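My questions all concern the structure below.
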Amino acid sequence: MQEVLKRVTSIADRLNVEFALIHKERKKANEVASMVLVGDVTDRVAILVDDMADTCGTICHAAEKLMEAGACKVYAILTHGIFSGPAISRINNACFEAVVVTNTIPQEQHMKECPKVQCLDVSRFFSEAIRRIHNCEPLGPILSEVPY
C-alpha cells in the first residue's frame with residue numbers, strides 16, 4: 001500500500017491534481033474482503049486505474065462506491081482487460097462512461113458486446129521497446145510517445 005501511495009502522490013503532484021484512493025483487501029482470488037475510499041470525489045470525474053481486470057467484480061464495485069461518494073462520472077483505465085465470465089455483463093450494467101484497455105489481449109469481441117470498452121493499440125510501442133532492448137538502446141525516447 002505504501003508504495004502505491006507514493007506512486008500516486010508523485011503522479012498527482014506532477015499533474016497538479018488532487019486524488020482519492022480505493023484501498024482493497026482480498027480474502028482470496030476474485031473475492032474482496034473490504035474496500036475503503038480515501039479522499040473526496042464529490043462532483044468530480046473519477047478515473048480508476050488498474051493493471052488488469054478479470055471478472056470485473058472489484059472494478060465495478062469500486063465504480064459504484066465512487067458514484068455513491070458523489071463522483072459525477074467514472075472511467076476505468078486498464079492495462080490488461082481479461083474480461084472472463086460475467087465481466088462484460090458487469091461493465092454493461094455498471095456506471096462507467098468508458099473502460100479503456102490496451103490490446104495486449106484481443107478486444108474486438110469485447111468491444112462488440114460492450115460499447116463502453118475502448119481499446120488503445122500498444123503494438124508499435126512494444127515492438128519498438130523490444131527492438132531497443134535487443135539492441136541495448138535507451139527506452140527514454142519512446143516513453144514520451146506512450147499513448148495516454
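Residue indices begin at 1 and follow the sequence shown. Please read all numbers here as calculations on a predicted model, not as lab measurements.
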Review point. Which heavy atom of R90 sits nearest a heavy atom of T55, and at what distance?
Key: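 So the minimum-distance heavy-atom pair works out to NH1-O, 3.0 Å.
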Point to revise | side chain to side chain contact (heavy atoms under 4.5 Å, CB included) against T102, all qualifying residues, sequence neighbours excluded | key: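 In terms of side chain to side chain contact (heavy atoms under 4.5 Å, CB included), with neighbours along the sequence ignored, T102 is linked to T79, T104, V122.
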**Study point:** For D40, all residues meeting side chain to side chain contact (heavy atoms under 4.5 Å, CB included), sequence neighbours excluded
**Key:**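 Checked D40 against side chain to side chain contact (heavy atoms under 4.5 Å, CB included); matches are T42.
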Practice item. Please answer whether the main-chain N or O of G81 pairs with a side-chain N or O of Q107 as donor and acceptor at a distance below 3.5 Å. Key: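 Side chain of Q107 to backbone of G81: a pair is present.
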Check your understanding: E64: what forms a side chain to side chain contact (heavy atoms under 4.5 Å, CB included) with it, not counting sequence neighbours?
Key ->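 For E64 the side chain to side chain contact (heavy atoms under 4.5 Å, CB included) partners, ignoring immediate neighbours, are E68.
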Practice item. Would you name the heavy atoms of K24 and D50 that are closest together and state the gap between them? Key: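 So the minimum-distance heavy-atom pair works out to NZ-OD2, 4.0 Å.
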Review point. M67, I22: one ILVMFWY side-chain cluster at the under-4.5 Å cut-off?
Key: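 In one cluster: yes.
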**Study point:** Contacts of V36 that satisfy side chain to side chain contact (heavy atoms under 4.5 Å, CB included) - sequence neighbours left out
**Key:**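 Partners of V36 by the side chain to side chain contact (heavy atoms under 4.5 Å, CB included) criterion, ordered by chain and then number, come out as V38.
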Please tabulate, one pair per line, all N/O donor-acceptor pairs under 3.5 Å involving side-chain atoms of residues 131-140, not counting sequence neighbours.
from, atom 1, to, atom 2, distance (Å)
R131, NE, E128, OE1, 3.1
R131, NH1, E137, OE1, 3.3
R131, NH1, E137, OE2, 3.3
R131, NH2, E128, OE2, 2.8
R131, NH2, E137, OE1, 3.0
R132, NE, E128, OE2, 2.8
R132, NH1, P138, O, 2.9
N135, ND2, R131, O, 3.2

Practice item. Take L5 and F19, measure what side chain to side chain contact (heavy atoms under 4.5 Å, CB included) needs, and give me the verdict at the end. Key: CA-CA 10 Å; L5 187 56; F19 71 94; 4.0 Å; yes
Check your understanding: What about I105 and V100, same hydrophobic cluster or not, with Ile/Leu/Val/Met/Phe/Trp/Tyr joined at side-chain heavy-atom distances under 4.5 Å?
Key ->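 They do not share one cluster, since no chain of ILVMFWY contacts under 4.5 Å joins I105 to V100.
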Practice item. Any ring-ring contact (aromatic ring centres under 6.0 Å, His included) involving residues 45-99? Give me the pairs, sequence neighbours left out, ordered by first then second residue. Key: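 Every ring-ring contact (aromatic ring centres under 6.0 Å, His included) pair that includes a residue of residues 45-99, provided the two are not neighbours, is F83-H110.
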